[in-house]
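Down below is the structure, laid out as structure tokens.
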Amino acid sequence: MLCCLQSAVAQTYTLPASGTAAYTTCSGVLYDDGGPSNPYSPSANGTVTLTPATAGNKIRLQFNQFFMESGYDRLTIYDGSTTSAPVIGTYDYQNPGTVYATNSAGTLTLRFTSDSYSQYSGFAADIACVTTVPQADLAVQGASVQPLSVVPGTSLSVNCTVYNLSAATAQGSSVGYYLSSDPILDANDQLIGSSVGNTLAGNQSSYRTNSLTLPASTPTGSYYVLFVADYQNVVSESNEANNVASVSVSIVPPVTDLVIQQAYISTTSTAPGNVLGLSCNIVNQGNITANFSSVGFYLSTNTTLDANDQLLASAFGSQLSPSYSQYRTVSTNVPPGTAPGAYYILFVADYQGVVPESIETNNITAASIAVVPPSVDLVVSQAQLSLTTVMVGSAASISTTAYVSNQGNTSAAASNLGIYLSTDGTLSANDQLLTTGQISGLSAAERYYSYGQFALPSTLAAGTYYVLFAADYQNQVGETDETNNVRSVMLTVVTPSIDLTTTQPSATPTNVAPGNSFSVSSYASNQGNTLASSFSTGYYLSANSTLDATDVLIGSSTVSSVYASGYANVYGNATIPVGTPTGSYYILFVTDYLNQITETNETNNVTALPLTVVPAGIDFVISQPSLSRSSAGANTVLTAYATIYNQGTTTAAYSSIGFYLSTNTTFDASDVLLTSVASGSLGPNGYVSRSATFTIPSTVTAGSYYVLYVADHQAQVAETNETNNVSAVPLLVTAPFNGVVVPFSGTNTITTCSSTVYDHAGNDPYYDGANGALVINPGTVGAKVQLVFQSFSVESCCDRLTIYDGPNTQSPVLGYYSYNPGTVTATSTNTTGALTLHFTSDGSVTGSGFEASVLCVNGTNTGLQPDFVPSQPTVGTTAVAAGSSLSVSTQLRNQGTGAAASSPLGTTSLQTPPLSRLTC
């Protein structure tokens, strides 16, 4: 059985952008001033009053759309006929949901304000009249209390969420907090605080938080904190029995409990009289503040504090809050005369006993320490030399660095560090003192950084030696261990040497004609230990890889110097002698070919690289040809780019390129010379990039062509291959464009109801730097211009089309578009019906532009009519009471030949008719 709901399209109402409006109705849809399709206006400040058409009824608004600029644009709803009536709520981002009038007249007043910046789709609300207004229903959820154990007179932190479980707005949502002996609110419970809450829309929630003070006289025991929604009963609710939530708490007596944590001693073994660093944290584990938090530090033979223990130091501490800790640190000494043995440092909280505590037996933490006999022990560590290899007879200064440390537990007096030259790692009477350094007095575990310099004896022979670093070399300090004072660093003395080699030889090209030059490069390496001064690398042409008297010197390069174990980059040029027979050869790279340097090895100076001597010849080819545009009309200026490359073996005296227009890719006499570029000589394997500008001849008809890039187009150069000089790039020559365009610059005006408009380049990509406008007036009096965009492609970041609702660029802006605008129509408030298009582009990156059909709507252009067809209808429910709301939706398709100015059938809310009007 097919059922149909008979109803006319709902009446629409708008809240004006300024001024006031009043409507008497019981149905329809209320919009902002932009209506169902457009954004609301900037700088709006308008008011509307809705009065029920049926006496005794009350207005109900059900908001099914709400989108505004949060924080700046606002809708305020008043429960009455003016803006002096009570405020139901002010909304900028949260959908008001369903709003009812509760005043006797049943009226609602709405005021909308917006700033001058962003505008959005605004709001839409279904209007209805009701005889009864549902009541709010407030409930508390998520109640929590911190802490759950509290002392009388201290603070509690409370938070919760108030929910309105009804569809009706609550005029208030305050929460009261009560202290109770049970979870039920009654007259005996004590109010200890509250949180104010304003109106709360239907089916919405609001978070509440507060800090409460527990009465100081509250007896200890188990209690409840009651969270009471609408605790002053200002909201009439449908259910008054669900307003209370409870959290159990314990009220406990005040206590203080001080303890020590993280006790620390700077050393666990020390001698009498030495300094000790002591630190710890003192913690108040109680529930009230301790007035003092001092710590005493005792030396004891056990872990129990008694009268025999010696107070070493103390650290004063002021008030300490419950659950908080403070850091304490002191520096003290082990008492002189303390007998060696095992001891404890006792860290004692409230060591003077001035703070009453709930537990007095947990104030002490003990840390063990050993008191040992005094000791001094000097050692050397991290000994280093600036040079560990030197030449025989070198006068170089060698730097030394080292640390001298006191490993003992007692301070050491000042001493000296001796630096010796030895043939082994052991200090003996045969070793030679090189230099000394003063070491200041050192405390236990302290170290001193020492540095110095020395020069080796000039007569020192090549060999392996040791530099000895001897702490207290004069035996000025008595030590517990005199056997660990020396550290050694090996030093090698070598004979000077130079050994030159050539590595990584290369030649460009490796196919060279007689009489031609080519570039060479290599690395000259010095494998010796001494600087090699200036020398030369020679390049020989050889029939094999061995240097002999038959080889021909064809070039050389000078090397200024090469450090020991270093290398130098060597670059040069060589020339194949005229008359050299073609064939396979070697280029010999001969380091120090003039024997300027005396080397330890003279047999490793030659490195060979294969080279082919080829017949002389020139061969031009074109590479990387391109055009500034792939399609253009006659008389268009284009730029061509290409690289001409000589892949032959001989320098060409000329290297020109000709650019021809052809119907195919083959160069012949019918092709039209567009332009050419002339270049000078071009060496073997050389190339040069060229560009040229030309104009497509006005006589060329539309069609597919090729631009031929012809190397040596005048045949000035004899080549070994004359068949590879041409490269082709396709070019589409388009028909002349005669359509309507938005001009590149300036302003044009047209009057039409049937046309197509383009960007300034028509069918071609638009140009950089555009800034032009087109005014489109309707060709029919009283009609509105409508644009339907078939294509739209511009640089999204920087190029855009601006459409104005009127005959100039001072008219209101309908939109800024870097993407397809779809369909754009002059608005109902535009009395001229005109639209103005303004297109701008920056200085780089373009696109294909745009194309749009121009139509007129609401005029006499009857040749283009819309034809609406709904599809996929849906109904929110299949059972509904008469007089209640029903949500329906459908998709709407225009299968006509003309655009529709609006399409009012969409998702809406309809008032169902009486049952007698429902037909099946």
Side-chain angles (χ1 to χ4, degrees), residues 389-396 494-581 583-614 616 646 649-651 681-687:
T389 301
V390 295
M391 303 296 166
V392 170
S394 172
V494 297
T495 302
S497 66
I498 298 174
D499 183 15
L500 300 176
T501 63
T502 292
T503 60
Q504 300 183 32
S506 68
T508 305
T510 56
N511 295 319
V512 188
N516 283 358
S517 298
F518 58 98
S519 61
V520 291
S521 66
S522 63
Y523 289 104
S525 301
N526 180 5
Q527 299 181 151
N529 57 34
T530 304
L531 174 74
S533 56
S534 178
F535 61 91
S536 296
T537 295
Y539 311 108
Y540 289 82
L541 184 65
S542 176
N544 51 50
S545 59
T546 304
L547 178 66
D548 57 36
T550 63
D551 299 331
V552 178
L553 180 67
I554 58 175
S556 64
S557 301
T558 300
V559 181
S560 59
S561 62
V562 180
Y563 287 101
S565 301
Y567 65 89
N569 293 310
V570 184
Y571 301 96
N573 291 287
T575 303
I576 301 298
V578 175
T580 300
S584 298
Y585 292 84
Y586 289 89
I587 297 296
L588 305 184
F589 292 71
V590 183
T591 306
D592 188 32
Y593 81 103
L594 297 175
N595 293 316
Q596 298 164 283
I597 304 295
T598 300
E599 301 181 57
T600 55
N601 184 0
E602 296 283 2
T603 64
N604 59 353
N605 288 29
V606 179
T607 300
L609 182 72
L611 179 81
T612 303
V613 177
V614 296
N646 178 8
T649 60
T650 303
T651 298
S681 62
L682 189 60
N685 294 300
Y687 63 89

To the nearest 0.5 Å, how far apart are [atom1] in [X] and [atom2] in [Y]?
| X | Y | atom1 | atom2 | value |
| --- | --- | --- | --- | --- |
| Asn685 | Thr508 | CG | OG1 | 9.0 Å |
| Ile587 | Ile576 | CD1 | CD1 | 5.0 Å |
| Ile597 | Ser561 | CD1 | OG | 9.5 Å |
| Leu594 | Ser556 | CG | OG | 7.5 Å |
| Leu588 | Asn544 | CG | CG | 7.5 Å |
| Gln596 | Ser534 | CD | OG | 6.0 Å |

Within the structure provided, determine whether Ile554 and Pro577 are in side-chain contact (heavy-atom separation under 4.5 Å).
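Yes, close enough: below the 4.5 Å cut-off.
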Is any side-chain heavy atom of Pro514 closer than 4.5 Å to one of Val613?
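Contact flag for Val613/Pro514 side chains = yes.
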List the steps, then state whether side-chain contact (heavy atoms from CB on, under 4.5 Å) holds for Thr598 with Ile498.
CA-CA 7 Å; Thr598 300; Ile498 298 174; over 6 Å; no
If we ignore hydrogens and angles and just use 3.5 Å, is the side chain of [X] paired with the main-chain N or O of [Y] as donor and acceptor?
| X | Y | result |
| --- | --- | --- |
| Gln527 | Thr501 | no |
| Asn646 | Gly683 | yes |
| Thr607 | Thr502 | yes |
| Asn605 | Val590 | no |

With sequence neighbours excluded, residues passing ring pair (Phe, Tyr, Trp, His ring centres under 6.0 Å) with Tyr523:
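Tyr523 satisfies ring pair (Phe, Tyr, Trp, His ring centres under 6.0 Å) with Tyr567 only.
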If the condition is ring pair (Phe, Tyr, Trp, His ring centres under 6.0 Å), which residues does Tyr539 pass it with, not counting sequence neighbours?
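Expected list: Phe589.
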Test side chain to side chain contact (heavy atoms under 4.5 Å, CB included) applied to [X] - qualifying residues, sequence neighbours left out:
| X | answer |
| --- | --- |
| Val392 | Ala462, Val493, Thr495 |
| Thr650 | Ala513, Asn516, Ala616, Ile618 |
| Thr600 | Ser497, Asp499 |
| Thr603 | Asn601 |

Contact summary for [X] and [Y], nearest pair of heavy atoms:
| X | Y | answer |
| --- | --- | --- |
| Glu599 | Leu500 | OE1-N, 2.6 Å |
| Leu611 | Pro509 | CD1-O, 4.0 Å |
| Asp551 | Thr546 | OD2-O, 3.1 Å |

Exactly one of Ser522, Ser519, Ser521 should register a side-chain hydrogen bond (donor to acceptor under 3.5 Å, both in side chains) with Ser506. Which one does?
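For Ser506, the side-chain hydrogen bond (donor to acceptor under 3.5 Å, both in side chains) check succeeds only for Ser521.
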Does the side-chain contact (heavy atoms from CB on, under 4.5 Å) test come out yes or no for Tyr593 and Leu553, once each step is laid out?
CA-CA 10 Å; Tyr593 81 103; Leu553 180 67; 3.9 Å; yes
Where do Phe535 and Val562 land on the side-chain contact (heavy atoms from CB on, under 4.5 Å) test, with the steps shown first?
CA-CA 9 Å; Phe535 61 91; Val562 180; 3.9 Å; yes
Exactly one of Thr580, Val552, Thr612 should register a side chain to side chain contact (heavy atoms under 4.5 Å, CB included) with Tyr585. Which one does?
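Going through the options one by one, the only one that passes is Thr580.
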Evaluation steps, side chain to side chain donor-acceptor pair (under 3.5 Å), between Ser681 and Thr651:
CA-CA 7 Å; Ser681 62; Thr651 298; over 6 Å; no
